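First the structure, in the form of C-alpha cells, and then the observations on it.
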Amino acid sequence: MMRIKYESWVDEQERVDRVALEIVTQIADLEGDVSERKLEIVAFRRNFWEDVSVNVDDAGTYASLKQQTEVLSERERTYRHAHKTMKTLMRLKHSPYFGRVDFLEDCDSESSQVYLGIASLFDEEGIQFLVHDWRAPISNLYYDYSPGPAQYEAPSGVIAGEMTVKRQYMIRDAQITSMFDTSVTIGDELLQEVLGKQSNSQMKSIVATIQREQNLIIRNVSRQLLVVQGAAGSGKTSAALQRVAYLLYRYRDTLRADQIVLFSPNQMFNSYVSTVLPELGEENMEQTTFQEYLVHRLGETMLFEDPFNQMEYTLEAVDEAGYVERIEGIQFKASVEFMQLIDRYIAQLGKEGMLFKDVTFRDEVLVPAERIKEKFYAYESTLRLPNRIALLTEWLLQELKIKATEEMAKLWVEEEIELLDKEEYMWAFKELQKKQHFSGKTFDDDISERGLLAQKIVDVYFKPVRLGIKQFQYVNIPLIYRQLFDDPKLASQITANNKLPNCWSEICESTIEQLDQSGMFYEDATPFLYLTECIEGFQANNTVRHVFIDEAQDFSTFQFFFIKRLFPRSKMTVLGDWNQRIFIHDMASASLGTLNALYGEKDTEIITLTRSYRSTQQIIEFTRALIEGGEAIEPFNREGNIPTLKQAEDIEGLISKVVDSVYDLQAAGHRTIAVICKTAKESSETYDALKGMVNMRLIEKETASFQSGILIIPAYLAKGVEFDAVIIYDASHMQYGRESERKLFYTACTRAMHDLHVCFKGEMNPFIRSVPTQTYHLK
C-alpha cells in the first residue's frame, strides 16, 4: 500500500471540492423544481374536477377525465423522480465517492479516471460522469482487479486494458480524511477503520469495502440458485443486501423492489437491516419470516407453536417424558421423506379417505358431508384433487342457490321483513319501477316487493355461507391431516420401503393429542399447509422474481422445497453458516447436498466465504476452536483483547461477575453490550436479577426493533446481529453440556465484535475445555 504524496492530496481535495460544489448547485436547482412541482400537483388535484366537464350523457366526459388523470400521473411521477434524485444528492454531498481506478483501454492512448460512489453523478450538462454508480459494469475493475491487466463486461462486450491506478478514499463532510493507493481490492487500512467502529442499531452499506469474493455474490446472475456458505461475520447478509441493490439497478426496467422477498430469522433482524437499501437509494424489498407466512396462511385455521417455543422445548425439556420421541418427530416431519409420504397420501385421497364438513345454515344442514363426499368421488378419478375441488365448489354454489330460493318462503324471512325500515321498502319500490320500465310489465306490488326484500335478506344471510364454500371451508383439512396419524399402519402401507422412525406410533399419538387440543406443533405447520395446498390448489406467487433466505441453516429440507414451489418463477439466494445450525431438523438439511437437489447441480452455484470480518483476530481464534473444521475460518487482521473467562462458585457470584463485566465494557466505551443467555427463560430470570443494578432491555421473540444499549437476549434471537461486546451469561457444563448445544454456544460467542466475556458457575462446558488456553484469559 502506498500513501499519496502531498501534491496529489491537494489535487484530490480540489476535485472533491468541485464535485461537492456541483452537487450543492444541483440540489439548489432541484429544490426549487421539487417545490414548484409539489405546488403544481396540489393545485392540480384541487382543481381536478373543475377542469373536467361532468355530464353523464356526454361521450367526451370519459376522454376528458382520462386525459386529466394521465396528466396528473405524469406530474406525480416526475415529482417522485426529482425527489428521489435530491435525496441521493444529499447523501453524495458529504461523501461523493470512495474509490478511483485509472483504466487504459487497449485501443486508447490515454487513461480514463473512474470515480466510484453510491450513485451516478453527471456534470451540469449531463454529459460527463463525475461519479460512477458502484453497480455499473465498469466498477467491477475496482472490486475484482489489482493494478495491471484488467477487463470488464460492458453491454457492448468485454472491454480489456490496463489498470494503472487504484485509489481508495475516506471522505467525511466533503473532506478527505484518508487516501491511499493499493494493490489489493480493499486496503486493510480502510477496512480496519470501518470494522473498528462501534456497532449501530442499523446495519450499514458496505459498498466501499466490498471484497472480491463478496462481489461474486453481488453480481452473480447466471444460476437459478446461489448458495452462500459463510463463516460467522463473513459478510453474507451485507453482500446479499448489496446484491438486492445491484439487481434493482441492473434490471431497473423490469424488476421492482416488491418482486423481491427476504425470509429472515426474526422481526428484530428485519429492523436491523431495514436501512441498507434506502441508504443506497433503493426501496426495501418485501421482508418477512417463515413464521409470519405460516401465520398469514394458517393463523385463523389452527393455533400452532412458533419456532422459538419449539427451540425452548428442545433446550429445556431434555428430561421430560416423550422428549426423544418428539425430537425424532421434529426431524422426520422436516424431511423430504415426510413430504413424499404426504404426496403418496394425497394420491390415495384421490381414491378414498377425503373428509368433508356439512354445509349448514341457521343450525340446519343444507348439504350433508356424506353427499359432498359422494359427489367428489363421482368425478373422473384421473382429475387432480384441486380440479375436483373446483368442480365441487361450483356444484355447492349451485346447490346453495336452490336452498336460498327455498329459504325465502320461510317464516324467519317474513319476520325479518317486518323489522325493516321505510328506506328498505322504498328501495324495493324503486327496483320494481325500474323493472317495469325495462320490461313493460306490471307486477303485484305487495308480492313483488315482498319477493325483492326476501331475496335481499336471504342473500345477506347466505353471504358468509357462500364465502365459506369459496374458501373451501367445507373440506375438513385438519381431520384429513389427523387421519394420517390415526392409524400408524396407514403410513406404513403408503410409505415406500417403510421409511418411518422407530417410534412412529408414539409420534402419531403425541401429534393427535396436540391436534385434539386445537393446536399444532411447529414441525406440523409446514406439512399441514403443504397438504392444504395440494388439495385446494397451490397459491403460487408468480410475480416474485428473487427469493432470499437468510440463516438458511435453520430451514428444513421440507421448507426449502415448499418455498421453491410457492415461488415457481423465482431465482433463489440462500445464505447460511452450517456451523450455526441450532434448530433440530432432518439430517439432510445439515449439509449443502439438499440445496443441490432443489434446482440441480447445473443451475446451482455455491460460494464459500471463509474470512471473518466481524470479530477481532483474538475472538476468532477462540471461537473457531469451538467447532469442527474451525481452522478453515480466516480472521481479518484486526487486533483486540483476548476473550476473558470469569468463573463463579454460585449464582450470586455469577451475577456479580456479569455486572462487573458490564461496568468494565461500558468504561471501555462500548455502546451495544449483549448479555446472551441460552434460553428465553434464562434471559427473563437474568433480567429480573440484574435490573436493579444495571439499566438494560430484555429482548423477547416479540421485540420488533434493534436498539443500542445493554441487552439481555436468548442466543437464538441474536443470530445475524452483532454487538460491540458480548457477555455469555452462564457457559457452565450444566448449561452447555450436550454436543447438540455446541453450535448454539458457538453462535452466541461469534456475535462479539470487539470484546467477549464468558462467565460461568462451577465447571466450564466441554467445548471451552477443547480450546487452547492461550486463546483466553481465565479470571
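Numbering starts at 1 and runs along the sequence shown. Keep in mind that this is a model prediction, so the values were computed, not measured.
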Hey, does the Lys NZ or Arg CZ of [X] hover above the aromatic six-ring of [Y], less than 6.0 Å from the centre and inside 45° of the axis?
| X | Y | result |
| --- | --- | --- |
| Arg565 | Phe538 | yes |
| Lys166 | Tyr142 | yes |
| Arg252 | Tyr249 | yes |

Is [X] reaching over with its side chain to a backbone N or O of [Y], donor-acceptor style, under 3.5 angstrom?
| X | Y | value |
| --- | --- | --- |
| Arg545 | Asn542 | yes |
| Gln229 | Trp578 | yes |
| Glu605 | Gln224 | no |
| Asp123 | Ile127 | yes |
| Lys719 | Gln580 | yes |

Give me the ring orientation class for [X] and [Y]: parallel if the planes are under 30° apart, tilted from 30 to 60°, perpendicular past 60°.
| X | Y | result |
| --- | --- | --- |
| Phe129 | His132 | parallel |
| Phe98 | Tyr143 | tilted |
| Tyr613 | Phe636 | tilted |

When you check the gap from the basic side-chain N to the acidic O, do [X] and [Y] get nearer than 4.0 Å?
| X | Y | result |
| --- | --- | --- |
| Arg167 | Glu12 | yes |
| Arg297 | Glu292 | no |
| Arg15 | Asp17 | no |

Ring center gap for Phe548 and Phe263 short of 6.0 angstrom: no

From Cys534 atom SG to Asp343 atom CG, the distance as rounded to the nearest 0.5 Å: 6.0 Å

Min side-chain heavy-atom separation Leu241-Met285 under 4.5 Å: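 In short, these two side chains touch, coming nearer than 4.5 Å.
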
